[in-house]
Protein chains: 2
Amino acid sequence: MKEITDRQKEALDFIEEFTRENGYAPSFREIGTAIGVTIGAVQKLLRILERKSLIRREAGRSRVLRVTRKESRIPIYAAARGGMPRIVDEDPKEYFDARATLGLRTGDRGIYVVGDSMINAGIADGSVVFFRRVQDVRDNDIVVARVEDGVTVKRYGRQGKKIVLKPENPLHEPIVVDPAVDSFEVIGKVVSVIKNYGKEAGHKEKKQK
Amino acid sequence: MKEITDRQKEALDFIEEFTRENGYAPSFREIGTAIGVTIGAVQKLLRILERKSLIRREAGRSRVLRVTRKESRIPIYAAARGGMPRIVDEDPKEYFDARATLGLRTGDRGIYVVGDSMINAGIADGSVVFFRRVQDVRDNDIVVARVEDGVTVKRYGRQGKKIVLKPENPLHEPIVVDPAVDSFEVIGKVVSVIKNYGKEAGHKEKKQK
DNA sequence: TCTTGTGGTATACAAATGTATACCTGCGGA
DNA sequence: TCCGCAGGTATACATTTGTATACCACAAGA
């Protein structure tokens, strides 16, 4: 009884897909046309889906169907220092929300990183770093900066009148910039980083060609 | 002329907020009530916003307004090996889409990491790692595993009949598990990682209380 | 001064959309 | 056999919602 019939799944899938593609929900008649039934049948299907709380609606309003399939959300579990119960049974601490989890705001930008110069700060080749324009840059902030015609990600520091862009990799040398002489600009301060292990693997395997 | 008036911004903000909170767009009259004007004024505002291509609509359909404010999307720029023009003027390579950029799929889960044992793999204290249940775990995959009652993130390896969970930090020792004796389970393979520098800072500054 | 664009009210209207009702079919269990 | 339930058609209806039109006020340019 907990299961879902083929028809119900058909309708649910259509609603989900339509919403994803259009940014808004389908009307009852659109659902009917899509799965090949009349509006009356759609009404009943939706009523059933709502009872099973697979969708949410609001009486009277149009195009307000929302699929509440929890499986499509990505849960994030809390970590514990010592022992920890099996994750599978645990309640998630939160659900993944990109902007919140990454601490992003409107106006932030991202850039793909090339090279391993910041590897010890968790920024690897192929990572995406997100940065934000800020008023004041402080020593030890990680910044995205332009030096002459190149853009680089480094740790920021001052040394007298000069600026030092320190890598986080013993194999690399710091870049020293004299603002009076060199063309230099801090584009933004790094807010967060993403690393995708799947993609990284793809990168490296290119070589074997 | 490129700018946006206060009223227009008011309407735009409301639409964006309403949509974010409800999952569907407001009707014209709802917008009017919210910003305190009649439907006629709303029509004009929306027409202007559409002309400025700040919103998208579809004639006749209800609740299909979508804010296309480019500023609310987060652009990601491509990296170049050598010189690179000023990012600000550059065309973005893509816009941030969490699932795509992180390589996530439905069913994936995330967990907050405690400790620095995987620091050299870019997984720091406070990071969120996303993982996926997989059929076959290979040597050198980074996995989320349960050992007895604790959950840990480590690099997976086999040594004869035993399993070695290797940290990526010279200060930590590998964990050796004998599946015949110990309670052990690979929960998933790590797909991607997020690190939020803002939050990390927050963590550490707690101490100064 | 005249024109244009923004922003506003009021009102009528048509189309889109959700809702309700009556009636039919087939299936599985009590 | 009877009943409940999923699933279906057909149709009428009320409400929501977008659209159109007329008219007003004000400020900035040409």
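Every chain is numbered from 1 and lettered A, B, ... according to where its sequence line falls, protein lines coming before strand lines.
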Rounded to the nearest angstrom, tell me the gap between atom CZ in Arg7(B) and atom C1' in dG5(C).
16 Å
One should read off an interatomic distance between Phe130(A) CZ and Thr101(B) OG1, to the nearest 0.5 angstrom, of 6.0 Å
With rounding to the nearest 0.5 angstrom, report the CZ to OG distance, Arg61(B) to Ser62(A).
11.5 Å
Counterpart residues, salt bridge (charged side-chain N to carboxylate O under 4.0 Å, His left out), relative to Asp136(B) (two or more places apart)
Arg138(B)
Options dG7(C), dG7(D), dA10(C), nucleotide nearest the side-chain atoms of Thr5(A)
dG7(D)
Leu49(B) CG - dG5(C) P separation (whole Å)
17 Å
For atom OH of Tyr24(A) and atom C1' of dG18(D), their distance in whole Å
14 Å
Full working for side chain to side chain contact (heavy atoms under 4.5 Å, CB included) between Glu168(B) and Met118(B):
CA-CA 4 Å; Glu168(B) 287 275 355; Met118(B) 291 298 284; 3.7 Å; yes
Pairing residues for Asn22(B) by the side chain to side chain contact (heavy atoms under 4.5 Å, CB included) criterion, not counting sequence neighbours
Phe18(B), Tyr24(B)
At what distance, to the nearest 0.5 angstrom, does CG of Leu45(A) lie from CD1 of Ile31(A)?
9.0 Å
Quick check for you: among dG8(C), dT6(C), dA6(D), whose closest atom lies nearest to any side-chain atom of Gln8(B)?
dT6(C)
Results of salt bridge (charged side-chain N to carboxylate O under 4.0 Å, His left out) for Arg57(B) - residues two or more places apart only:
Glu50(B)
Rounded distance in Å - CZ (Arg51(A)) to C1' (dG7(D))
13 Å
Tell me, for nucleotides 21-30 of chain D in 5' to 3' order, what letter each nucleotide earns: B for a base near a protein heavy atom under 4.0 Å, S for only sugar-phosphate near one, - for neither?
--B-------
Closest-nucleotide ordering on DNA chain D, the 5'-leading residue of Ala41(A) and Ile48(A):
Ile48(A)
Indicate for each nucleotide in nucleotides 12-18 of chain C, in 5' to 3' sequence, whether protein heavy atoms under 4.0 Å reach the base (B), only the sugar-phosphate (S), or nothing (-).
----SBB
Is there a side-chain contact between Phe131(A) and Val143(A) in this structure, where contact means two heavy atoms from C-beta onward sitting under 4.5 Å apart?
no
Those residues that, when tested against Asp141(A), pass salt bridge (charged side-chain N to carboxylate O under 4.0 Å, His left out) (two or more places apart):
Lys189(A)
Without decimals, in angstroms, what is the distance between Asp6(B) CG and dG8(C) C1'?
16 Å
